[in-house]
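The first residue of the sequence shown is numbered 1, and numbering continues consecutively from there.
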Amino acid sequence: MGTRPLWTALERIRREDLARFYMPGHKGRMPAPFTQAAPYDITEIAGADNLYQCAGAIRALEEEFADAYRVGDCLLSAGGSTLCIQTMLYLARGRGSTVICGRIIHRSAVAAMGLLGLDPCWLPGRIASRREGIPGIALPPTPEDVEAAIAAHPDAGSVYITSPDYFGQLANIADIAEVCHRSGKVLLVDNAHGAHLGCFRAALHPMSQGADYCCDSLHKNLPALTGAALLHLADPSFYQEAKYAMSLFGSTSPSYLIMLSAENALESITQDPGSYWELSGAVEEVRKEAGELGYDVIKGFVRDPIRLALGFESFGHTPESFGRFLRSRGVEPEYLDRNVCVFMFSPSNTRAEIDRLRSALAGAVKGLPRQPEPRYPATIRLPRQILSLAEAMDRREIELPAAVCPGRVSSRVVSSCPPGIPMLVPGEEISTQTVKFLQSSGVQSIFVVR
């Protein structure tokens with residue numbers, strides 16, 4: 001059980017009731033809805049510790065997280081997984097400028113690689129068929145993919161994998177880690193959507209499977225405020241360098257409220273992990289029912305136990321029509337794309353809310369015949385890289401209508417957010433096919449290199 005070191009420190013400061021001649025300007029007094037939280041929204045004063053030079057309550061909290069996740073060390077972030085991703089890539093740059101990456105990668109990682117002078121080498125991407133899962137979504141990279149990429153790019157110093165992905169698919173991190181370490185490469189895992197995985201069995205969390213660095217977004221599935229995240233290190237000797245890197249990218253005024261909420265998340269996974277087991281059973285019931293109704297579902301035993309991704313395209317629904325029906329039944333999903341809908345659960349969801357979702361899913365397809373499997377390409381065809389990320393980001397740019405962009409070179413990441421997966425990265429050539437795809441996703445203009 002955690003000792004709540006940060007809460008203890010901040011509560012002591014609140015009780016002392018010293019006149020606040022320090023930031024922030026509200027001085028601990030704000031109207032609703034901030035009244036109760038305001039006294040704990042402080043800056044780096046005596047007794048509060050300092051995130052980037054921590055030796056007190058914040059450091060004690062990091063050590064408790066490291067114990068809970070059974071890792072070498074842990075760094076707290078009030079800047080979300082984005083800050084952790086930037087820090088991981090900063091650490092990885094010392095191993096070489098080439099990073100082998102899955103294309104299912106957050107846009108912040110692409111931006112960080114460009115700023116750090118790193119060059120991504122993209123792993124091949126396969127598209128799921130109905131037999132494999134939800135038609136049209138990308139499947140996770142395999143250990144064989146990674147091994148082939150390392151053989152083709154022996155100068156690469158690191159491998160970057162996202163697992164779980166936005167749809168709850170898990171990569172085989174254990175075997176990928178073995179491939180990386182056999183070749184002397186470090187493995188970075190974006191586990192932003194999987195901070196809760198350790199609640200089920202240790203083998204599900206990337207750090208337990210051999211990852212060298214891993215980021216967790218606490219706020220996505222745990223009871224924490226937006227922005228609460230962790231960076232895990234397998235080797236604790238990198239802690240100080242990681243702290244320095246985090247200070248380069250992060251705000252010099254990290255939110256104590258966000259950090260305090262991270263402590264709350266720690267309690268939820270150390271004191272009540274059973275609630276996640278119970279929730280996973282309820283989610284599995286919904287997934288099975290949805291499959292029986294004809295929805296396409298994620299296949300395979302190893303997947304995020306509390307995330308539900310459903311393919312609705314086979315019923316003729318558009319994202320607009322499917323979303324309208326769900327909202328008319330009192331349900332708001334996490335994400336709606338052309339062919340898939342994502343629902344994120346946590347123990348904070350009530351049974352009544354889950355039952356409402358089950359009813360809405362049944363009603364959305366009632367009386368609708370299932371259509372044949374849609375046709376998608378078997379693999380992801382990536383654009384040709386003309387300039388490096390850094391070169392393209394450094395060039396002058398101009399925004400043009402997408403229709404006139406074939407043959408031009410992208411100067412920015414183009415993605416939908418969420419989930420933030422890049423459809424184009426800086427330096428890639430824009431083809432007619434790419435423009436059609438972007439336009440179908442609502443992108444009507446693109447920033448290109450002049």
Side-chain angles (χ1 to χ4, degrees), residues 77 79-125 138 141 145-146 149-150 152-163 165-166 171 176 180 185-192 206 211-215 217 229 231 233 238 241-242 244-250 380 382-395 397 409-417 419-430 446-449:
S77 166
S81 276
T82 294
L83 180 54
C84 299
I85 288 168
Q86 293 163 335
T87 302
M88 286 197 300
L89 289 167
Y90 180 93
L91 296 174
R93 72 177 187 151
R95 305 297 295 264
S97 62
T98 301
V99 182
I100 295 171
C101 304
R103 186 67 176 207
I104 305 305
I105 189 172
H106 197 267
R107 61 180 298 151
S108 63
V110 176
M113 284 190 282
L115 293 172
L116 292 167
L118 296 171
D119 296 312
C121 166
W122 302 113
L123 292 166
D145 294 333
V146 174
I150 290 175
H153 301 274
D155 59 320
S158 54
V159 174
Y160 186 107
I161 301 293
T162 301
S163 178
D165 63 18
Y166 201 64
I176 291 175
C180 291
K185 316 300 181 186
V186 295
L187 176 59
L188 290 61
V189 179
D190 177 353
N191 184 59
D212 295 290
Y213 309 125
C214 171
C215 67
S217 282
L231 173 59
L233 309 175
F238 288 102
E241 186 181 359
Y244 171 69
M246 195 172 276
S247 73
L248 294 178
F249 295 103
I380 297 175
L382 296 178
R384 189 161 61 106
Q385 192 81 32
I386 303 298
L387 300 173
S388 71
L389 289 178
E391 288 176 318
M393 291 170 65
D394 193 47
R395 296 282 187 92
E397 62 180 9
V409 175
S410 175
S411 62
R412 296 187 183 184
V413 176
V414 180
S415 68
S416 60
C417 195
I421 297 167
M423 296 179 273
L424 267 178
V425 305
E428 287 184 339
E429 183 179 36
I430 303 169
I446 306 172
F447 281 88
V448 299
V449 173

Taking the side chain as every heavy atom from C-beta outward, state whether Val110 and Pro426 have any pair of such atoms under 4.5 Å apart. yes
Taken in chain and number order and not counting sequence neighbours, the residues that satisfy side chain to side chain donor-acceptor pair (under 3.5 Å) with Glu429 are Arg384
Residues at least two apart in sequence or cross-chain that pass salt bridge (charged side-chain N to carboxylate O under 4.0 Å, His left out) with Arg103, listed by chain then number, are Glu428
Smallest heavy-atom separation, Val448 atom then Ser411 atom, equals N-OG, 3.5 Å
Residues passing the side-chain contact (heavy atoms from CB on, under 4.5 Å) test with Val409, sequence neighbours excluded, are Ile386, Leu387, Val449
Tyr166 meets the side chain to side chain donor-acceptor pair (under 3.5 Å) criterion, sequence neighbours left out, with Glu334
So salt bridge (charged side-chain N to carboxylate O under 4.0 Å, His left out) across residues 108-118, not counting sequence neighbours, yields none
Contacts of Glu241 meeting side chain to side chain donor-acceptor pair (under 3.5 Å) (sequence neighbours excluded), chain-then-number -> none
On a heavy-atom basis, the closest approach of Cys180 and Val146 is SG-CG1, 4.3 Å
Residue set satisfying side-chain contact (heavy atoms from CB on, under 4.5 Å) with Asn191, at least two apart, ordered chain then number -> Pro164, Val189, Leu197, His205, Pro206, Cys214, Asp216
Sequence neighbours excluded, the answer for side chain to side chain donor-acceptor pair (under 3.5 Å) partners of Ser388 is Glu391
Would a 4.5 Å heavy-atom cut-off, applied to side chains only, mark Tyr213 and Leu233 as touching? yes
Given the rule in the side chain to side chain contact (heavy atoms under 4.5 Å, CB included) test, do Ile105 and Asp190 qualify, once you have shown the distances and angles that lead to the verdict? CA-CA 8 Å; Ile105 189 172; Asp190 177 353; over 6 Å; no
Indicate every side-chain donor-acceptor pair of residues 113-125 with a distance under 3.5 Å to a residue at least two apart or in another chain.
none

All heavy atoms of Gly79 vs all of Ser77, minimum pair found to be N-OG, 3.0 Å
Scanning both residues in full, the closest heavy-atom pair of Val413 with Pro422 reads CG1-CB, 3.8 Å
Separation between OG (Ser158) and CD1 (Ile150), nearest 0.5 Å, reads 10.0 Å
Between the CG atom in Leu188 and the OG1 atom in Thr162, the distance rounded to the nearest 0.5 Å is 10.5 Å
The side-chain contact (heavy atoms from CB on, under 4.5 Å) partners of Ser217 (sequence neighbours excluded) come to Ser81, Ala192, His219, Lys220
Taken to the nearest 0.5 Å, the spacing of Leu424 CG from Ile446 CD1 works out to 6.0 Å
Shortest non-hydrogen pair, Arg107 vs Ser415, comes out as NH1-OG, 2.9 Å
Is a side-chain donor or acceptor of Lys185 paired with a backbone partner of Val99 at a separation under 3.5 angstrom?
no
Donor-acceptor pairs under 3.5 angstrom involving side-chain atoms of residues 83-94: please list them, not counting sequence neighbours.
| residue | atom | partner | partner atom | Å |
| --- | --- | --- | --- | --- |
| Thr87 | OG1 | Leu83 | O | 2.9 |
| Tyr90 | OH | Arg93 | NH2 | 3.3 |

